[in-house]
Amino acid sequence: MILNDGIKEYGITLSDSQIDQFMMYYEILIEWNQVMNLTAITAFDEVCTKHFLDSISLCKAIDCTQEYTLMDVGTGAGFPGIPLKIAFPNLQITLLDSLGKRVKFLNEVIQRLGLHGIQAIHGRAEDYAKANLLREKFDICVSRAVANLSTLSEYCIPYVKEGGFFISYKSEKLSEEMSNAKKAIEILGGNIVSQNEFLLPNSDIYRNLLVIQKIALTPKKYPRKAGLPSKEPL
């Protein structure tokens with residue numbers, strides 16, 4: 001009920017098979033979480049709200065029914081990429097994570113849920129953003145990773161095609177962080193176009209989706225080598 005009611009607030013209807021996929025995803029998540037650290041949130045209702053509905057909230061910032069290619073940087077246990085794929089099968093999604101064990105988990109989820117048009121790859125954001133790999137290949141790049149906006153922008157904007165979007169999931173007000181990141185975003189070829197503030201369905205949990213459009217190609221020297229974007233933000 002929590003998932004169904006929340007989804008309706010987004011103006012979306014899920015089929016029985018999609019609901020079954022979410023249920024199976026939850027079961028696999030809890031099963032694997034017993035042997036590796038995937039999430040501290042394990043109660044079903046909380047997973048539905050804080051992971052599933054939070055992930056799908058991307059539809060409040062952009063039309064997820066389009067045939068977009070989407071990169072999820074630092075996906076962890078598959079958020080937001082896998083819930084987005086379940087809810088919007090039209091999306092072509094790449095999940096990127098730096099921990100091999102998590103990628104093994106993601107591939108298990110993809111296989112058992114019978115998902116198509118989605119892949120999980122093991123690596124660092126700085127490495128796959130190099131030329132001739134995945135640089136500037138995607139319509140949209142998203143991240144729920146916990147990092148300051150300058151650092152996230154350096155990790156994510158290089159993956160976005162010119163004209164595409166980097167959308168950052170945030171859980172706090174962004175005025176100061178946006179001000180501090182404005183220079184970095186401009187250097188990387190981006191421009192802030194909107195922010196979408198809301199509460200997750202049936203909760204008092206604040207969320208903010210910041211939409212950055214790629215208006216120019218990212219200079220070749222970005223992202224810098226591993227570690228620098230977080231240690232020395234632009």
Side-chain angles (χ1 to χ4, degrees), residues 38 55 58 62 64 66-85 88-111 115-169 181 183-192 210-234:
L38 290 169
S55 295
L58 184 70
I62 202 159
C64 291
Q66 299 297 308
E67 300 289 331
Y68 288 129
T69 54
L70 183 146
M71 163 65 92
D72 178 4
V73 170
T75 188
F79 307 121
I82 290 179
L84 284 169
K85 182 64 185 179
F88 303 102
N90 50 285
L91 296 174
Q92 299 295 309
I93 294 179
T94 297
L95 309 170
L96 177 65
D97 199 85
S98 61
L99 189 63
K101 288 182 181 178
R102 282 198 291 259
V103 173
K104 186 176 180 181
F105 162 77
L106 297 170
N107 282 323
E108 174 84 358
V109 173
I110 290 168
Q111 180 183 6
L115 300 176
H116 301 282
I118 183 170
Q119 63 172 339
I121 56 178
H122 175 216
R124 298 183 66 97
E126 301 96 325
D127 296 330
Y128 273 96
K130 291 176 181 174
N132 302 321
L133 290 176
L134 297 177
R135 188 180 186 86
E136 290 165 340
K137 301 286 188 185
F138 296 89
D139 299 311
I140 302 169
C141 183
V142 296
S143 182
R144 283 176 87 226
V146 178
N148 72 68
L149 186 57
S150 296
T151 300
L152 277 178
S153 295
E154 188 169 354
Y155 286 144
C156 295
I157 291 177
Y159 286 102
V160 181
K161 296 176 182 176
E162 200 169 354
F165 299 93
F166 162 44
I167 303 176
S168 178
Y169 288 68
K183 177 186 173 186
I185 292 167
E186 290 176 353
I187 288 171
L188 296 162
N191 179 53
I192 297 172
L210 183 67
V211 182
I212 297 168
Q213 187 167 28
K214 180 83 164 271
I215 59 173
L217 296 178
T218 301
K220 292 180 180 179
K221 63 180 178 179
Y222 301 111
R224 293 166 291 167
K225 66 181 181 180
L228 275 181
S230 56
K231 290 178 184 176
E232 301 176 17
L234 292 172

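What you see is a predicted model, and the numbers here were worked out from it, not measured in a lab. Numbers here are sequence positions counted from 1.
In this structure the side chain of Val211 never reaches within 4.5 angstrom of the side chain of Ile62, judged on heavy atoms. The closest side-chain heavy-atom distance from Tyr169 to Pro80 is below 4.5 Å. Side-chain contact between Phe166 and Ile185 is absent, with no heavy-atom pair separated by less than 4.5 Å. The shortest distance between side-chain heavy atoms of Tyr68 and Cys64 does not fall below 4.5 Å. The shortest distance between side-chain heavy atoms of Phe88 and Leu58 does not fall below 4.5 Å. Put simply, the side chain of Arg135 reaches to within 4.5 Å of the side chain of Pro223, judged on heavy atoms. Contact check for Glu154 versus Leu228: no side-chain heavy atoms found under the 4.5 Å cut-off. The side-chain heavy atoms of Leu134 and Leu96, taken from C-beta on, include no pair separated by under 4.5 Å.
Of the candidates Ile93, Ile110, Leu70, Val109, Lys85 forms a side-chain contact (heavy atoms from CB on, under 4.5 Å) with just one, namely Ile93. Under the side-chain contact (heavy atoms from CB on, under 4.5 Å) test applied with Leu188, the options Leu234, Leu217, Ile212 reduce to a single match, Leu234.
To the nearest 0.5 Å, atoms NZ (Lys161) and NZ (Lys214) are separated by 11.5 Å. Rounded to the nearest 0.5 angstrom, Leu106 CG and His122 NE2 are separated by 11.0 Å. Taking CD1 of Ile187 as the start and NZ of Lys183 as the end, the distance is 5.0 Å to the nearest 0.5 Å. Atoms CD1 and CG, from Ile118 and Asn107 in turn, are 9.5 Å apart once rounded to the nearest 0.5 Å. Interatomic distance, CD1 of Ile157 versus CD of Glu186, reported as 10.5 Å (0.5 Å rounding). Atom CG in Asn148 sits 8.5 Å away from atom OG in Ser153 (nearest 0.5 Å).
Shown here for Ala216 and Glu162, the closest heavy-atom pair between the two residues is CA-OE2, 3.8 Å. Of all heavy-atom pairs between Ala77 and Phe105, the closest is O-CE2, 3.4 Å. Of all the heavy atoms in Val103 and Ile121, the pair that sits closest is CG2-O, 3.7 Å. The two residues Val73 and Cys141 come nearest to each other via the heavy atoms CG2-SG, 3.6 Å. For Ala145 against Leu152, the heavy-atom pair with the smallest separation is O-CD1, 3.8 Å. Among all heavy-atom pairs drawn from Tyr128 and Gly123, the shortest one is CE1-CA, 3.8 Å.
Asp139 contributes a side-chain N or O that, together with a main-chain N or O of Thr69, makes up a donor-acceptor pair within less than 3.5 Å. A donor-acceptor pair under 3.5 Å links the side-chain atoms of Thr151 to the main chain of Pro229, judged by distance alone. Of the possible donor and acceptor atoms, none in the side chain of Gln213 sits under 3.5 Å from a partner among the backbone N and O of Phe165. Proximity of a side-chain donor or acceptor of Tyr159 to a complementary backbone N or O of Ala129 within less than 3.5 Å is detected.
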List the steps, then state whether side chain to side chain contact (heavy atoms under 4.5 Å, CB included) holds for Ile82 with Leu115.
CA-CA 9 Å; Ile82 290 179; Leu115 300 176; 4.3 Å; yes
